[in-house]
K.L.:
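Can you read through this structure? Questions will come right after.
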Amino acid sequence: MATPLSADKLLKALRDEGLHVVEHRSWRTNNRNHKGSWGPTHGVMIHHTVTSGTSSSVELCYDGHSALPGPLCHGVIAKDGTVHLVGNGRANHAGLGDDDVLRAVVAEKALPPDNEANTDGNRHFYGFECVNLGDGKDPWPAAQLLAIERAAAAVCRAHGWSERSVIGHLEWQPGKVDPRGFSMNGMRGRVAKRLGGAPDGPSDPPPKPKYEPFPGAAFFKTGRNSAIVTAMGKRLVAEGCGRYTVGPGPAWSEADRKSYAAWQRKLGYTGGDADGIPGKSSWDRLKVPNV
(Lines give C-alpha, C1' and ligand atoms only; values in the text may rest on other atoms or scores of the structure.)
Protein backbone atom coordinates (compact mmCIF):
# COMPACT_ATOMS: atom_id res chain seq x y z
CA MET A 1 0.00 0.00 0.00
CA ALA A 2 1.48 3.33 -1.01
CA THR A 3 0.64 6.90 -1.79
CA PRO A 4 1.06 7.49 -5.55
CA LEU A 5 4.27 9.16 -6.64
CA SER A 6 4.05 12.81 -7.59
CA ALA A 7 4.86 13.70 -11.19
CA ASP A 8 8.30 14.98 -10.18
CA LYS A 9 9.10 11.86 -8.14
CA LEU A 10 7.99 9.52 -10.93
CA LEU A 11 10.08 11.39 -13.48
CA LYS A 12 13.13 11.36 -11.18
CA ALA A 13 12.74 7.65 -10.41
CA LEU A 14 12.64 6.76 -14.10
CA ARG A 15 15.61 8.93 -15.01
CA ASP A 16 17.63 7.73 -12.01
CA GLU A 17 17.18 4.19 -13.33
CA GLY A 18 18.96 5.26 -16.52
CA LEU A 19 15.93 5.76 -18.75
CA HIS A 20 15.56 8.34 -21.52
CA VAL A 21 12.24 9.99 -20.65
CA VAL A 22 10.17 12.34 -22.82
CA GLU A 23 7.48 14.46 -21.17
CA HIS A 24 4.57 14.46 -23.62
CA ARG A 25 2.35 17.52 -23.78
CA SER A 26 0.50 18.20 -20.49
CA TRP A 27 1.06 14.71 -19.05
CA ARG A 28 1.30 16.03 -15.49
CA THR A 29 -2.39 16.97 -15.47
CA ASN A 30 -3.69 14.31 -17.85
CA ASN A 31 -5.72 11.80 -15.81
CA ARG A 32 -9.13 10.31 -15.03
CA ASN A 33 -9.17 11.37 -11.37
CA HIS A 34 -12.60 12.92 -11.88
CA LYS A 35 -13.97 9.44 -12.67
CA GLY A 36 -12.60 7.56 -9.67
CA SER A 37 -9.92 7.23 -7.05
CA TRP A 38 -6.19 7.08 -7.74
CA GLY A 39 -4.40 5.16 -5.00
CA PRO A 40 -3.39 3.56 -2.84
CA THR A 41 -0.99 2.09 -5.40
CA HIS A 42 0.17 -1.50 -5.18
CA GLY A 43 2.01 -2.38 -8.37
CA VAL A 44 3.10 -1.91 -11.97
CA MET A 45 1.20 -3.37 -14.94
CA ILE A 46 2.75 -4.02 -18.35
CA HIS A 47 0.76 -3.95 -21.61
CA HIS A 48 1.30 -3.97 -25.36
CA THR A 49 -0.35 -1.30 -27.51
CA VAL A 50 -1.48 -3.39 -30.52
CA THR A 51 -0.13 -0.51 -32.63
CA SER A 52 3.00 0.37 -34.55
CA GLY A 53 4.88 3.65 -34.72
CA THR A 54 5.98 5.71 -31.75
CA SER A 55 4.28 9.05 -32.47
CA SER A 56 0.82 7.67 -33.23
CA SER A 57 1.01 5.24 -30.29
CA VAL A 58 1.95 8.00 -27.87
CA GLU A 59 -0.88 10.24 -29.13
CA LEU A 60 -3.38 7.38 -28.82
CA CYS A 61 -2.30 6.63 -25.27
CA TYR A 62 -2.46 10.32 -24.33
CA ASP A 63 -5.86 11.07 -25.89
CA GLY A 64 -7.55 7.66 -25.90
CA HIS A 65 -10.42 7.12 -28.34
CA SER A 66 -14.21 7.39 -28.49
CA ALA A 67 -14.78 4.16 -26.56
CA LEU A 68 -12.02 4.69 -23.99
CA PRO A 69 -10.83 8.22 -23.09
CA GLY A 70 -7.19 8.79 -22.31
CA PRO A 71 -4.81 8.56 -20.76
CA LEU A 72 -4.55 4.85 -21.47
CA CYS A 73 -1.45 4.45 -19.29
CA HIS A 74 1.20 6.47 -17.49
CA GLY A 75 4.07 5.82 -19.85
CA VAL A 76 4.56 4.50 -23.39
CA ILE A 77 7.74 2.48 -23.95
CA ALA A 78 8.93 2.75 -27.54
CA LYS A 79 10.92 0.22 -29.54
CA ASP A 80 14.11 2.22 -28.94
CA GLY A 81 13.59 2.16 -25.17
CA THR A 82 12.43 5.75 -24.79
CA VAL A 83 9.69 6.24 -22.19
CA HIS A 84 7.05 8.82 -23.15
CA LEU A 85 5.09 10.01 -20.12
CA VAL A 86 1.43 10.59 -21.03
CA GLY A 87 -0.48 10.49 -17.75
CA ASN A 88 -0.21 11.27 -14.06
CA GLY A 89 -2.99 9.89 -11.89
CA ARG A 90 -5.80 7.51 -12.67
CA ALA A 91 -5.52 6.07 -16.20
CA ASN A 92 -7.72 3.76 -18.28
CA HIS A 93 -5.35 0.81 -18.62
CA ALA A 94 -6.03 -2.01 -16.17
CA GLY A 95 -9.80 -2.21 -16.03
CA LEU A 96 -11.53 -4.71 -13.78
CA GLY A 97 -9.47 -7.64 -12.59
CA ASP A 98 -9.19 -10.38 -10.01
CA ASP A 99 -9.27 -9.43 -6.32
CA ASP A 100 -7.22 -12.53 -5.46
CA VAL A 101 -4.48 -11.27 -7.78
CA LEU A 102 -4.53 -7.86 -6.09
CA ARG A 103 -4.19 -9.48 -2.66
CA ALA A 104 -1.20 -11.49 -3.92
CA VAL A 105 0.44 -8.33 -5.31
CA VAL A 106 -0.09 -6.49 -2.02
CA ALA A 107 1.40 -9.43 -0.11
CA GLU A 108 4.10 -9.85 -2.79
CA LYS A 109 3.34 -13.54 -3.21
CA ALA A 110 3.05 -15.80 -6.25
CA LEU A 111 0.06 -14.89 -8.41
CA PRO A 112 -3.05 -17.06 -8.49
CA PRO A 113 -4.93 -17.62 -11.79
CA ASP A 114 -6.98 -14.58 -12.81
CA ASN A 115 -10.53 -15.88 -13.14
CA GLU A 116 -12.64 -12.93 -12.01
CA ALA A 117 -13.10 -9.32 -13.04
CA ASN A 118 -14.44 -7.70 -9.90
CA THR A 119 -11.84 -5.15 -8.77
CA ASP A 120 -10.86 -1.70 -10.09
CA GLY A 121 -7.27 -1.94 -11.31
CA ASN A 122 -7.05 1.63 -12.61
CA ARG A 123 -7.03 2.78 -9.00
CA HIS A 124 -4.11 0.62 -7.88
CA PHE A 125 -1.64 0.10 -10.74
CA TYR A 126 0.83 2.21 -12.68
CA GLY A 127 0.54 1.24 -16.33
CA PHE A 128 3.15 1.08 -19.09
CA GLU A 129 2.04 0.47 -22.66
CA CYS A 130 4.80 -0.98 -24.85
CA VAL A 131 4.69 -0.37 -28.60
CA ASN A 132 4.08 -3.79 -30.16
CA LEU A 133 1.43 -5.30 -32.42
CA GLY A 134 0.87 -8.11 -29.93
CA ASP A 135 0.61 -10.71 -32.69
CA GLY A 136 3.45 -12.87 -31.43
CA LYS A 137 5.50 -11.93 -34.50
CA ASP A 138 6.37 -8.28 -33.90
CA PRO A 139 9.83 -8.36 -32.29
CA TRP A 140 10.73 -7.00 -28.87
CA PRO A 141 14.09 -5.22 -29.29
CA ALA A 142 16.63 -5.60 -26.49
CA ALA A 143 16.48 -1.84 -25.84
CA GLN A 144 12.72 -2.00 -25.30
CA LEU A 145 12.89 -4.99 -22.95
CA LEU A 146 15.63 -3.26 -20.96
CA ALA A 147 13.44 -0.16 -20.69
CA ILE A 148 10.50 -2.25 -19.43
CA GLU A 149 12.81 -3.77 -16.81
CA ARG A 150 14.13 -0.35 -15.81
CA ALA A 151 10.71 1.34 -15.70
CA ALA A 152 9.20 -1.41 -13.54
CA ALA A 153 12.24 -1.44 -11.25
CA ALA A 154 12.20 2.36 -10.96
CA VAL A 155 8.64 2.42 -9.62
CA CYS A 156 9.28 -0.56 -7.35
CA ARG A 157 12.47 1.01 -5.99
CA ALA A 158 10.67 4.30 -5.30
CA HIS A 159 7.99 2.49 -3.29
CA GLY A 160 10.18 -0.18 -1.69
CA TRP A 161 8.41 -2.98 -3.53
CA SER A 162 9.87 -6.25 -4.81
CA GLU A 163 9.55 -7.71 -8.30
CA ARG A 164 6.33 -9.41 -7.13
CA SER A 165 4.61 -6.05 -7.56
CA VAL A 166 5.11 -6.22 -11.33
CA ILE A 167 2.43 -8.01 -13.36
CA GLY A 168 1.18 -8.27 -16.92
CA HIS A 169 -2.34 -7.36 -18.01
CA LEU A 170 -2.87 -11.04 -18.85
CA GLU A 171 -2.27 -11.90 -15.18
CA TRP A 172 -4.89 -9.41 -14.00
CA GLN A 173 -7.94 -9.65 -16.26
CA PRO A 174 -9.37 -12.88 -17.71
CA GLY A 175 -9.12 -13.00 -21.51
CA LYS A 176 -6.23 -10.54 -21.85
CA VAL A 177 -3.05 -11.70 -23.60
CA ASP A 178 -0.74 -8.73 -23.14
CA PRO A 179 2.14 -8.44 -23.09
CA ARG A 180 2.54 -11.12 -25.74
CA GLY A 181 6.02 -12.10 -26.85
CA PHE A 182 7.98 -12.38 -23.61
CA SER A 183 7.49 -14.04 -20.23
CA MET A 184 6.37 -12.01 -17.24
CA ASN A 185 8.15 -14.48 -14.95
CA GLY A 186 11.32 -13.79 -16.92
CA MET A 187 10.75 -10.04 -16.69
CA ARG A 188 10.19 -10.27 -12.93
CA GLY A 189 13.49 -12.12 -12.69
CA ARG A 190 15.21 -9.26 -14.49
CA VAL A 191 13.55 -6.70 -12.22
CA ALA A 192 14.60 -8.67 -9.11
CA LYS A 193 18.21 -8.74 -10.26
CA ARG A 194 18.15 -5.01 -10.97
CA LEU A 195 16.63 -4.21 -7.58
CA GLY A 196 19.47 -6.14 -5.97
CA GLY A 197 21.91 -3.45 -7.10
CA ALA A 198 22.11 0.30 -7.30
CA PRO A 199 20.23 2.20 -10.03
CA ASP A 200 22.22 3.01 -13.16
CA GLY A 201 22.00 6.72 -12.49
CA PRO A 202 20.53 9.39 -14.75
CA SER A 203 21.40 9.18 -18.41
CA ASP A 204 22.67 12.35 -20.02
CA PRO A 205 19.63 14.47 -20.86
CA PRO A 206 19.06 14.75 -24.61
CA PRO A 207 19.58 18.18 -26.15
CA LYS A 208 16.41 20.23 -26.13
CA PRO A 209 14.95 20.36 -29.63
CA LYS A 210 15.29 23.71 -31.36
CA TYR A 211 11.69 23.66 -32.54
CA GLU A 212 8.50 22.60 -30.81
CA PRO A 213 7.49 19.06 -31.87
CA PHE A 214 4.05 18.75 -33.46
CA PRO A 215 1.69 18.19 -30.49
CA GLY A 216 -1.04 16.52 -32.55
CA ALA A 217 -4.14 17.97 -34.19
CA ALA A 218 -6.26 17.18 -31.11
CA PHE A 219 -4.13 19.62 -29.11
CA PHE A 220 -5.71 22.57 -30.93
CA LYS A 221 -9.17 22.83 -29.44
CA THR A 222 -11.29 25.27 -27.45
CA GLY A 223 -10.08 25.45 -23.88
CA ARG A 224 -6.42 24.74 -24.69
CA ASN A 225 -4.16 27.18 -22.88
CA SER A 226 -0.46 26.77 -23.58
CA ALA A 227 2.73 28.67 -24.29
CA ILE A 228 2.92 26.60 -27.47
CA VAL A 229 -0.12 28.46 -28.82
CA THR A 230 1.53 31.81 -28.11
CA ALA A 231 4.78 30.75 -29.80
CA MET A 232 2.83 29.50 -32.80
CA GLY A 233 0.94 32.79 -33.07
CA LYS A 234 4.13 34.82 -33.01
CA ARG A 235 5.55 32.73 -35.85
CA LEU A 236 2.34 33.18 -37.85
CA VAL A 237 2.61 36.95 -37.41
CA ALA A 238 6.25 36.81 -38.50
CA GLU A 239 5.20 34.93 -41.64
CA GLY A 240 2.62 37.61 -42.48
CA CYS A 241 -0.30 35.34 -41.64
CA GLY A 242 -1.48 36.93 -38.39
CA ARG A 243 -5.21 37.58 -38.22
CA TYR A 244 -5.22 38.83 -34.64
CA THR A 245 -6.97 41.92 -33.28
CA VAL A 246 -5.12 41.38 -29.99
CA GLY A 247 -2.46 38.88 -29.14
CA PRO A 248 -1.42 36.26 -29.95
CA GLY A 249 -1.86 34.69 -26.54
CA PRO A 250 -1.85 31.25 -24.91
CA ALA A 251 -5.56 30.42 -25.33
CA TRP A 252 -6.45 28.70 -28.62
CA SER A 253 -8.98 30.93 -30.37
CA GLU A 254 -10.76 31.54 -33.65
CA ALA A 255 -8.08 34.12 -34.46
CA ASP A 256 -5.45 31.39 -34.13
CA ARG A 257 -7.44 29.14 -36.47
CA LYS A 258 -7.87 31.91 -39.07
CA SER A 259 -4.17 32.79 -38.83
CA TYR A 260 -3.11 29.19 -39.26
CA ALA A 261 -5.49 28.78 -42.20
CA ALA A 262 -3.70 31.72 -43.82
CA TRP A 263 -0.39 29.91 -43.28
CA GLN A 264 -1.79 26.75 -44.82
CA ARG A 265 -2.98 28.69 -47.86
CA LYS A 266 0.44 30.34 -48.12
CA LEU A 267 1.93 26.84 -48.34
CA GLY A 268 -0.45 25.96 -51.16
CA TYR A 269 -3.10 24.02 -49.26
CA THR A 270 -6.74 24.44 -50.26
CA GLY A 271 -10.19 23.35 -49.14
CA GLY A 272 -10.31 21.11 -46.12
CA ASP A 273 -6.52 21.03 -46.01
CA ALA A 274 -6.57 24.74 -45.15
CA ASP A 275 -9.10 24.57 -42.30
CA GLY A 276 -6.82 26.23 -39.76
CA ILE A 277 -6.16 23.08 -37.71
CA PRO A 278 -2.41 22.41 -37.74
CA GLY A 279 -1.08 19.28 -39.39
CA LYS A 280 2.40 17.88 -38.94
CA SER A 281 3.78 18.94 -42.32
CA SER A 282 2.66 22.56 -42.08
CA TRP A 283 3.65 22.68 -38.41
CA ASP A 284 7.17 21.49 -39.12
CA ARG A 285 7.56 24.14 -41.83
CA LEU A 286 6.38 26.89 -39.45
CA LYS A 287 9.36 26.19 -37.16
CA VAL A 288 7.74 27.13 -33.83
CA PRO A 289 10.51 27.73 -31.25
CA ASN A 290 10.68 25.19 -28.45
CA VAL A 291 9.02 26.42 -25.28
K.L.:
Using the side chain to side chain contact (heavy atoms under 4.5 Å, CB included) rule, take His42 and Ser165 through it: C-alpha gap first, then chi angles, then the decisive distance, then the call.
P.N.:
CA-CA 7 Å; His42 298 301; Ser165 292; over 6 Å; no
K.L.:
Do His84 and His24 get their side chains close enough for a donor-acceptor pair, meaning under 3.5 Å?
P.N.:
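There is no such pair (donor and acceptor under 3.5 Å, judged by atom type) between the side chains of His84 and His24.
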K.L.:
What residues join Leu68 in its hydrophobic cluster, counting side-chain heavy atom gaps under 4.5 Å, either direct or through other members?
P.N.:
Leu60, Leu72
K.L.:
In terms of hydrophobic clusters joined by side-chain contacts under 4.5 Å, are Ile148 and Leu133 together?
P.N.:
no
K.L.:
Got Pro199 and Arg157 here, is their nearest side-chain heavy-atom distance under 4.5 Å?
P.N.:
yes
K.L.:
Do Met184 and Leu170 come close enough that some side-chain heavy atom pair is under 4.5 Å?
P.N.:
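Side chain of Met184 against side chain of Leu170, heavy atoms only: contact under 4.5 Å found.
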K.L.:
Any luck finding a side-chain donor-acceptor pair between Asn185 and Ser183 under 3.5 Å?
P.N.:
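Judged by distance alone, the side chains do not pair up.
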K.L.:
Looking at every non-hydrogen atom in both residues, tell me the closest pair between Trp38 and Pro4 and how far apart they are.
P.N.:
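So the minimum-distance heavy-atom pair works out to NE1-CB, 3.2 Å.
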K.L.:
List for me each residue that meets ring pair (Phe, Tyr, Trp, His ring centres under 6.0 Å) alongside Phe220, sequence neighbours excluded, and say none if there are none.
P.N.:
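If we apply the ring pair (Phe, Tyr, Trp, His ring centres under 6.0 Å) test to Phe220, skipping adjacent residues, the hits are Trp252, Trp283.
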K.L.:
What distance do Cys61 atom SG and His93 atom NE2 have between them, rounded to the nearest 0.5 Å?
P.N.:
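One finds 11.0 Å between SG of Cys61 and NE2 of His93.
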K.L.:
Please identify each residue that fulfils salt bridge (Lys or Arg N to Asp or Glu O under 4.0 Å) with Lys35, with sequence neighbours left out.
P.N.:
none
K.L.:
Salt-bridged, Lys12 to Asp8, with N to O below 4.0 Å?
P.N.:
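No salt bridge links Lys12 with Asp8.
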K.L.:
Verify the neighbour count for atom NZ of Lys266: are there more than 12 heavy atoms of other residues, nucleotides or ligands below 6.0 Å?
P.N.:
yes
K.L.:
Salt bridge (Lys or Arg N to Asp or Glu O under 4.0 Å): which pairs involve residues 109-137, sequence neighbours left out?
P.N.:
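As it turns out, the salt bridge (Lys or Arg N to Asp or Glu O under 4.0 Å) pairs with a partner in residues 109-137, which skip direct neighbours, are Arg90-Asp120.
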K.L.:
Within this structure, what is the CE-CD1 distance for the pair Met187 and Ile167, rounded to the nearest 0.5 Å?
P.N.:
14.5 Å
K.L.:
Using the side chain to side chain contact (heavy atoms under 4.5 Å, CB included) criterion, which residues pair with Thr119? Sequence neighbours excluded.
P.N.:
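Expected list: Asp99, Leu102, Trp172.
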K.L.:
What pairs with Asn132 under side chain to side chain contact (heavy atoms under 4.5 Å, CB included), at least two apart in sequence or on another chain?
P.N.:
His48, Lys79, Asp138, Trp140
K.L.:
Do side-chain atoms of Gln173 reach the backbone of Ala117 as a donor and acceptor pair under 3.5 angstrom?
P.N.:
no
K.L.:
Kindly give the heavy-atom pair with the smallest separation between Asn225 and Ala251, and that separation in Å.
P.N.:
ND2-CB, 3.9 Å
K.L.:
Thr29 versus Asn88: any side-chain heavy-atom pair under 4.5 Å?
P.N.:
no
K.L.:
Please tell me if the side chains of Phe214 and Ser55 come closer than 4.5 Å, counting only heavy atoms from C-beta onward.
P.N.:
no
K.L.:
Closest approach of Thr54 and Ala78, non-hydrogen atoms and distance?
P.N.:
OG1-CB, 3.7 Å
K.L.:
Mind checking whether His124 and Pro40 have side chains closer than 4.5 Å, heavy atoms only?
P.N.:
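When only atoms from C-beta onward are counted, Pro40 and His124 do touch, with a gap below 4.5 Å.
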K.L.:
Treating Gln264 as the side-chain partner and Ile277 as the backbone partner, does any N or O pair qualify as donor plus acceptor under 3.5 Å?
P.N.:
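Answer holds: yes.
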K.L.:
Using the test side chain to side chain contact (heavy atoms under 4.5 Å, CB included), find all partners of Tyr244 that sit at least two apart in sequence or belong to another chain.
P.N.:
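Per chain and number, Tyr244 pairs via side chain to side chain contact (heavy atoms under 4.5 Å, CB included) with Met232, Leu236, Val237, Pro248, Ala255, Asp256, Ser259.
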K.L.:
Just so I know, are the side chains of Trp161 and Thr41 near enough to count as touching, which here means a heavy-atom distance under 4.5 Å?
P.N.:
yes
K.L.:
Are the side chain of Asn122 and the backbone of Asn92 linked by a donor-acceptor contact shorter than 3.5 Å?
P.N.:
no
K.L.:
Which ILVMFWY residues are connected to Val76, directly or by a chain of links, through side-chain heavy atoms under 4.5 Å apart?
P.N.:
Val58, Tyr62, Val86, Val131
K.L.:
Applying side chain to side chain contact (heavy atoms under 4.5 Å, CB included) to Arg25 and Asn30, what does each step give before you reach the verdict?
P.N.:
CA-CA 9 Å; Arg25 289 167 52 184; Asn30 192 32; over 6 Å; no
K.L.:
Who pairs with Glu149 by salt bridge (Lys or Arg N to Asp or Glu O under 4.0 Å), at least two apart in sequence or on another chain?
P.N.:
Arg190, Arg194
K.L.:
Compare all side-chain heavy atoms of Leu14 with those of His74 and state whether any distance is below 4.5 angstrom.
P.N.:
no
K.L.:
Going by heavy atoms in the side chains, are Arg150 and Asp200 under 4.5 Å from each other?
P.N.:
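In short, these two side chains touch, coming nearer than 4.5 Å.
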K.L.:
List the atom of Pro278, the atom of Ala217, and the distance in Å for their closest heavy-atom pair.
P.N.:
O-CB, 3.9 Å
K.L.:
How long is the gap from CD on Glu171 to CG on Asp178, to the nearest 0.5 Å?
P.N.:
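Answer for the CD-CG pair, Glu171 versus Asp178, is 10.5 Å.
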K.L.:
Would you compute the distance between atom SG of Cys156 and atom CD of Glu17 and round it to the nearest 0.5 angstrom?
P.N.:
9.5 Å
K.L.:
With side chain to side chain donor-acceptor pair (under 3.5 Å) as the rule and sequence neighbours excluded, what pairs involving residues 228-237 come up?
P.N.:
Arg235-Glu239
K.L.:
Starting from Val50, can I reach Phe128 by hopping between I/L/V/M/F/W/Y residues whose side chains sit under 4.5 Å apart?
P.N.:
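No, it is not one cluster - the side chains of Phe128 and Val50 are not joined through contacts under 4.5 Å.
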K.L.:
Quick one: do Val44 and Leu146 end up in the same hydrophobic cluster if we chain Ile, Leu, Val, Met, Phe, Trp and Tyr together by side-chain heavy atoms under 4.5 Å apart?
P.N.:
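Val44 does not cluster with Leu146.
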K.L.:
What is the distance from atom OH of Tyr211 to atom CG of Leu286, rounded to the nearest 0.5 Å?
P.N.:
10.5 Å
K.L.:
To the nearest 0.5 Å, what is the distance between CG on Leu5 and OH on Tyr126?
P.N.:
3.5 Å
K.L.:
So, does Glu212 use its side chain to make a donor-acceptor pair with the main chain of Val291 at under 3.5 Å?
P.N.:
yes
K.L.:
Testing the basics here: between Ala147 and Gly81, what is the closest heavy-atom pair and its distance to 0.1 Å?
P.N.:
CB-O, 3.3 Å
K.L.:
Looking at Cys130 and Ile46, what are the two nearest heavy atoms and their distance?
P.N.:
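Nearest heavy atoms, Cys130 then Ile46: SG-CG2, 3.9 Å.
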K.L.:
Quick one: name the residues clustered hydrophobically with Leu96, using the 4.5 Å side-chain heavy-atom rule over I, L, V, M, F, W, Y, and just say none if it's on its own.
P.N.:
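Members other than Leu96 - counting any ILVMFWY side chain reachable under 4.5 Å - there are none.
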K.L.:
Of all residues at least two apart in sequence or in a different chain, which pass the salt bridge (Lys or Arg N to Asp or Glu O under 4.0 Å) check with Asp275?
P.N.:
none
